[in-house]
> 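One structure is given below, represented as structure tokens, and several questions about it will come after.
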Amino acid sequence: MLPAANRLRNGKDFARTTRNGARVTSPSLVLYVLTRTGNSTGPQVGLIVNKSVGGSVVRHRVARQLRHLIAPQLHKFDQETQIVIRTLRMKDSYTAELEDLIERVQKKLLVVS
RNA sequence: AGAGUCGCCUGGAUCACCGCGUUAUGUUUACAUACCGAGGAAAGUCCGGACUCCGCAGAGCAAAGUGGUGGGUAACGCCCACCCGGGGAAACCCGCGGGAACAGUGCCACAGAAAAUAGACCGCUCAUUAGCAAUAAUGGGUAAGGGUGAAACGGUGGUGUAAGAGACCACCAGCAUUUAUGGCGACAUAGAUGGCUAGGCAAACCCCACUUGGAGCAAGACCAGAUUGAUAGCGCUUGAGAACUGCUCGUUCGAGCUAUCGGGUAGGUUGCUUGAUUCUGCGAGCAAUUGCAGAACUAGAUGGAUGGUGAUCCAAUCGAAAGAUGGACAGGAUCCGGCUUAUAGGGCGACUCUUCUU
């Protein structure tokens, strides 16, 4: 699970990350990453799980699994990073997909910088 | 043993490691330790309350809701018991169950002759005319028979008649009035009298009785911060506008209000969980429920905690086995009481009928 400091909670931060951040997509996930945000609290992660994914129980389950999967990957990111994961549809396991996305987004960020 | 009816409970378990949220303690501002951490429906948001705020809520009209009787409850549209009607062999189940002459209006598809102050399609029958006759035509009488329909204006038997008919009689059903008995009551049972007979729909308008102030935890309180413009209209005690309130009256507040354009905020703390609470025992009551005593504390998040991995057991499915697959419906958001809907599997109890044995 994510420690409290590594959670994205403000509506504004969500809007800024999804609008200005680097974006990579896979069949069931979308990853937004925004670097050099100015606050060095450590990488922050937020989740968007749409109602189209499933009922309340399913959405909570998906959110928990994703939070758990992203936690060991956080050290790969800069301190001033904000990440938003958007879920498009239901899947049994997101492990491989998420690792692939992180690899791709890091390459993208390297090119930009 | 079989078939069935009703009610209730349960809703995978244990361990290890790594994580998350509240609270407490310790160092101290980030960690450590300890405790606790979703449901029977947390759901739908359909009723009823608690709680909070509003200029403490007046009268009339309108509107909405409820509708057998008695009881329970903080309250209810809920629950219990009983009554009535319907279904079943029974346990038991179902019912939005006031009023249909004593107010009035309306509707009753299709079929059928006719759907409500009746009605003559077929049939039955009488008279007259025509005809040798069968029969036909015309004018009457007739609701016993036929067929239609969810429903056809009492039923059975007789007297009677040209044929028939509550026209008359007996019994039965049902209606109205009334008496007695039982019951708190809805009502039931028994009798008397009357006239021979009265369709359904009030989930159609309507009538009767009772109930209802409005908004809701994004309620409300505190802290911090931002915008604090432009144009037009109305008004400043000769009253704009606002609240009760949907309308009228009435009461109260009252110096700003309304429309368009432009701009800004929605951050934190609190409300926030000890309550019509839960469990146990002894009483009251057929029951719903309730009185007294003792014990217990059982989520409180706010981009929103309860998760991940592994092992064993349990249930299920597949399979000869080894083994493999893999866990119903579903996630708190101020809190309670109900209702409704979803729900794999497992368990317990009470009762009814049939068969067998004693």
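Note that the coordinates shown come from a computational prediction; the quantities given were computed from them, not determined experimentally. We use all heavy atoms of the structure for the numbers below, so side chains are in, but hydrogens, waters and symmetry mates are not. Note on naming: letters A, B, ... go to the chains in the order of the sequence lines (proteins, then strands), and numbering restarts at 1 for each one.
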> Of the nucleotides B/G308, B/G307, B/G303, which one has an atom closest to the side chain of A/Arg64?
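Out of B/G308, B/G307, B/G303, the nucleotide with an atom closest to A/Arg64's side chain is B/G307.
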
> Can you check the distance between B/C244 and B/G60, where both ends of the measurement are the C1' atom (answer in whole Å)?
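Each nucleotide's C1' atom is 15 Å from the other's.
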
> What's the separation between atom OG1 in A/Thr87 and atom CG in A/Leu66, rounded to the nearest 0.5 Å?
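Separation between the atoms: 5.0 Å.
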
> Of the candidate nucleotides B/G303, B/G304, B/G331, which contains the atom at the shortest distance from the side chain of A/Arg67?
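Nearest listed nucleotide: B/G304.
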
> What about A/Leu47 and A/Val57, same hydrophobic cluster or not, with Ile/Leu/Val/Met/Phe/Trp/Tyr joined at side-chain heavy-atom distances under 4.5 Å?
no

> In this structure, how many angstroms lie between the C1' atom of B/G303 and the CD atom of A/Gln82, rounded?
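These atoms are roughly 13 Å apart.
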
> Report the base-pairing partner of B/A91 (Watson-Crick or G-U wobble, both distances below 3.5 angstrom), or none.
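Partner of B/A91: none.
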
> Go ahead and name the base partner of B/C313; Watson-Crick or wobble counts if both distances stay under 3.5 Å, otherwise write none.
B/G12

> Would you give the length of the straight line joining atom CG of A/Leu29 to atom CG of A/Leu69, rounded to the nearest 0.5 angstrom?
9.5 Å

> Examine B/G307: is either OP1 or OP2 under 4.0 Å from a nitrogen or oxygen in the side chain of A/Gln65? Give yes or no.
no

> Nearest whole Å is fine: how far is B/A305 P from A/Leu66 CG?
13 Å

> If B/A50 has a Watson-Crick or G-U wobble mate with both distances under 3.5 Å, name it; if not, just say none.
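Paired with B/U334.
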
> Taking B/G337 as the reference, what is the distance to B/A276 when you measure between their P atoms (whole Å, please)?
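Taking atom P in both B/A276 and B/G337, they lie 9 Å apart.
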
> Once you round it to whole Å, what is the distance between P of B/C18 and NE2 of A/His68?
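Distance, rounded to whole Å: 12 Å.
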
> Counting only Watson-Crick or G-U wobble pairs whose two distances fall under 3.5 Å, which nucleotide matches B/G174?
none

> Indicate syn or anti for B/G166, taking the glycosidic torsion and treating anything within 90° of 0 as syn.
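In terms of base orientation relative to the sugar, B/G166 is syn.
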
> Looking at CD1 of A/Ile70 and CG of A/Leu98, how far apart are the two atoms once the value is rounded to the nearest 0.5 Å?
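These two atoms lie 4.5 Å from each other.
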
> Between A/Arg104, A/Gln106, A/Glu99, which is the residue that forms a side chain to side chain contact (heavy atoms under 4.5 Å, CB included) with A/Ile102?
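Answer to the side chain to side chain contact (heavy atoms under 4.5 Å, CB included) test with A/Ile102 among A/Arg104, A/Gln106, A/Glu99: A/Gln106.
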
> A/Ile48 has an atom CD1; how far is it from atom P of B/G304, in whole Å?
12 Å

> Which base sits across from B/A255 as a Watson-Crick or G-U pair, both distances under 3.5 Å?
none

> Please check the phosphate of B/A305 (OP1 and OP2 only) for any side-chain N or O of A/His60 closer than 4.0 Å.
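For B/A305, OP1/OP2 do have a side-chain N/O of A/His60 under 4.0 Å.
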
> Sticking with atom P, work out how far B/A288 lies from B/C279, rounded to a whole angstrom.
15 Å

> Picking from B/A305, B/U306, B/A330, which would you name as closest to the side chain of A/Val57?
B/A330

> Could you work out the separation of B/G263 and B/G48 based on their P atoms and round it to a whole Å?
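To the nearest whole Å, 44 Å.
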
> C1' atom, B/A57 versus B/U251: distance in rounded Å?
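Result for the C1' pair: 11 Å, nearest Å.
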
> Rounded to the nearest 0.5 Å, what's the gap from CG on A/Leu101 to OG1 on A/Thr25? Could you check?
7.5 Å

> Over how many whole Å does the gap from A/Leu47 atom CG to B/C20 atom P extend?
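Computing the A/Leu47:CG to B/C20:P distance gives 16 Å.
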
> For A/Val84 and for A/Val58, locate the closest nucleotide of RNA chain B by heavy-atom distance; then report the residue assigned to the nucleotide nearer the 5' terminus.
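That would be A/Val84.
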
> Checking base pairs now: Watson-Crick or wobble, both atom distances under 3.5 Å. What partners B/A296?
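Pairing partner: B/U277.
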
> Should A/Val30 and A/Arg23 count as side-chain neighbours, where that means a heavy-atom distance under 4.5 Å?
yes

> For B/G182, what is the paired nucleotide under Watson-Crick or G-U wobble rules, both distances under 3.5 Å?
B/C187

> Can you check B/G55 for me, syn or anti if syn means within 90° of 0?
syn

> In whole angstrom, give me the gap between the C1' atoms of B/A90 and B/C108.
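Comparing C1' positions in B/A90 and B/C108 gives a spacing of 40 Å.
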
> Write down the distance between CZ (A/Arg59) and P (B/A330), rounded to a whole number of angstrom.
13 Å

> Write down the distance separating the P atoms in B/U355 and B/A81, rounded off to the nearest Å.
32 Å

> Is B/G164 syn or is it anti, if syn means the base angle is within 90 degrees of 0?
anti

> Is B/U273 in the syn range, within 90° of 0, or in the anti range?
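Syn for B/U273; the angle stays within 90° of 0.
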
> Take atom C1' in B/U212 and the same atom in B/A192, then report the distance between them in whole Å.
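Roughly 50 Å separates the two C1' atoms.
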
> Counting only Watson-Crick or G-U wobble pairs whose two distances fall under 3.5 Å, which nucleotide matches B/G291?
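When the pairing criteria are applied, B/C282 turns out to be the nucleotide that pairs with B/G291.
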
> Starting from P on B/G327, measure out to CZ on A/Arg61 and report it in whole angstrom.
9 Å

> Assign B/U251 to syn or anti; the rule is syn for a glycosidic angle within 90° of 0 and anti otherwise.
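With its glycosidic angle more than 90° from zero, B/U251 counts as anti.
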
